[in-house]
Amino acid sequence: MKIFYLILSIVLLFGTYLMLTKFSESNQNNYRIVLIGPPASGKGTQAAFLSEKLNIPAISSGDLLRSEIAKGSPFGKELENIMKAGQLVPAKQIAELIQERLKKEDCKNGFILDGFPRNIEQAKILGSYGIKINTVININVNDDIVKKRITGRRIHLPSGRSYHLEFNPPKKEGLDDVTGEALVQRKDDTLEVISKRLETYHTQTKPLLTYYKENDKIHFIEVNGALNIKDIQQSLINQLHENNKTQH
Ligand code: AMP
């Protein structure tokens with residue numbers, strides 16, 4: 001009988017420990033993360049991983065815009081044309097969608113922004129809402145790799161889950177792992193549009209890296225996006241933990 005109670009106590013203690021470590025990782029640090037990287041650098045994949053690991057929501061500006069398009073409104077049509085041309089939608093419009101999303105309850109312990117801000121103007125708008133970013137993750141990938149990856153990407157539109165035919169295939173061909181629904185190729189994931197999207201990234205988004213690097217309140221993390229998904233995840237976790245050590 002004593003043994004039974006001893007084992008039960010150990011199991012309970014271990015369970016509490018696991019809960020507390022997960023809780024403390026997400027709550028104490030209040031991670032307010034921005035993910036930066038060129039198209040198809042793996043931002044969405046890593047955002048989903050971090051969201052699960054840190055127990056905070058991942059918010060993709062591209063997904064927010066695509067759900068506006070799915071509503072079929074004239075505003076959605078306008079957005080679709082801009083996105084198909086590989087350009088940025090006006091800052092005010094995307095910033096308002098982000099602001100609304102950040103007001104939701106699930107963001108109060110932190111969040112991961114994937115794809116916003118995408119230029120210095122948007123970063124300033126975010127700051128003007130009183131939202132202070134504390135971690136910036138830059139995923140480095142060169143243009144040649146982006147071009148090789150882009151045509152193999154498939155997404156599950158309702159959730160934004162992203163796959164790659166070669167590097168991250170779904171369990172069943174053409175179907176989302178979670179819902180079993182059909183995967184699609186994005187209209188802007190073509191070789192023609194990607195050149196324009198890369199140009200937009202280099203001219204507008206890259207200057208954001210210097211902008212955030214100069215802010216010494218921000219923990220700036222860099223990962224090599226050409227590595228495989230698991231190695232990138234490991235590097236991210238190591239670097240996030242490194243910063244915890246220096247803070248405590
Ligand atoms: P993504 O899903 O992040 O690759 O974004 C797809 C497209 O949505 C981009 O090429 C832009 O046209 C538009 N978009 C996404 N995020 C933003 C943003 N923060 N500012 C302006 N346009 C954006």
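Atoms within a ligand are numbered from 1 in the order they appear, just like the ligands themselves.
- Counting heavy atoms closer than 4.0 Å to ligand 1, residue Asn119 contributes nothing at all.
- Side-chain contact between Phe220 and Asn138 is present, with heavy atoms from C-beta onward closer than 4.5 Å.
- Here atom 12 (O) of ligand 1 lies nearest to Gln87 when heavy atoms of Glu121, Arg197, Gln87 are compared.
- For Lys132 (side chain) and Arg32 (main-chain N/O), no donor-acceptor pair under 3.5 Å exists by modelled atom type.
- At a threshold of 4.0 Å, the pair Arg66-Asp63 counts as salt-bridged, since one of the basic side-chain nitrogens sits closer than that to a carboxylate oxygen.
- For Arg161 and Asp177, the salt-bridge test fails: no basic side-chain N is under 4.0 Å from an acidic carboxylate O.
- Residue contacts with ligand 1 for Val89 involve both N, CA, C or O and side-chain atoms from C-beta outward (heavy atoms, distance under 4.0 Å).
- Of the possible polar contacts, one joining the Thr200 side chain to the Lys196 backbone as a donor-acceptor pair under 3.5 Å is found.
- Of all the atoms in ligand 1, the ones that sit under 4.0 Å from a non-hydrogen atom of Leu88 are 21 (C), 22 (N).
- From the protein, the heavy atom lying nearest to atom 8 (O) of ligand 1 is Met83 CE, 3.2 Å.
- Given atom 20 (N) of ligand 1, the protein heavy atom at minimum distance is Gln122 NE2, 2.8 Å.
- Under the side chain to side chain contact (heavy atoms under 4.5 Å, CB included) rule, Leu113 has a single partner from Ile98, Ile131, Ile36, Val136, which is Ile98.
- Protein heavy atom closest to atom 2 (O) of ligand 1, with residue, atom name and distance, is Arg66 NH2, 2.9 Å.
- In this structure, the protein non-hydrogen atom closest to atom 16 (N) of ligand 1 is Ser61 OG, 2.7 Å.
- Among all non-hydrogen protein atoms, the one lying nearest atom 23 (C) of ligand 1 is Leu65 CD1, 3.7 Å.
- Close approach to Gly115 involves these atoms of ligand 1, each under 4.0 Å from a residue heavy atom: 16 (N), 17 (C), 18 (C), 19 (N).
- Closest to atom 9 (C) of ligand 1 among all protein heavy atoms lies Arg118 NH2, 3.9 Å.
- Looking at atom 4 (O) of ligand 1, its nearest protein heavy atom turns out to be Arg186 NH2, 3.0 Å.
- Checked for salt-bridge contact, Arg197 and Asp189 meet the test: a charged N lies under 4.0 Å from a carboxylate O.
- A salt bridge links Arg101 with Asp106: the distance from a Lys NZ or Arg NE/NH1/NH2 to an Asp or Glu carboxylate oxygen falls below 4.0 Å.
- Each of the atoms 6 (C) of ligand 1 lies under 4.0 Å from some heavy atom of Asp188.
- No donor-acceptor distance shorter than 3.5 angstrom exists from the side chain of Gln234 to the backbone of Lys230, with no hydrogens or angles considered.
- Within ligand 1, counting atoms from 1 as listed, the ones closer than 4.0 Å to a heavy atom of Phe116 are 19 (N).
- Here Glu166 does not pair with Arg149 in a salt bridge; the nearest charged N to carboxylate O distance is not below 4.0 Å.
- Not a single heavy atom of Lys43 lies less than 4.0 angstrom from ligand 1.
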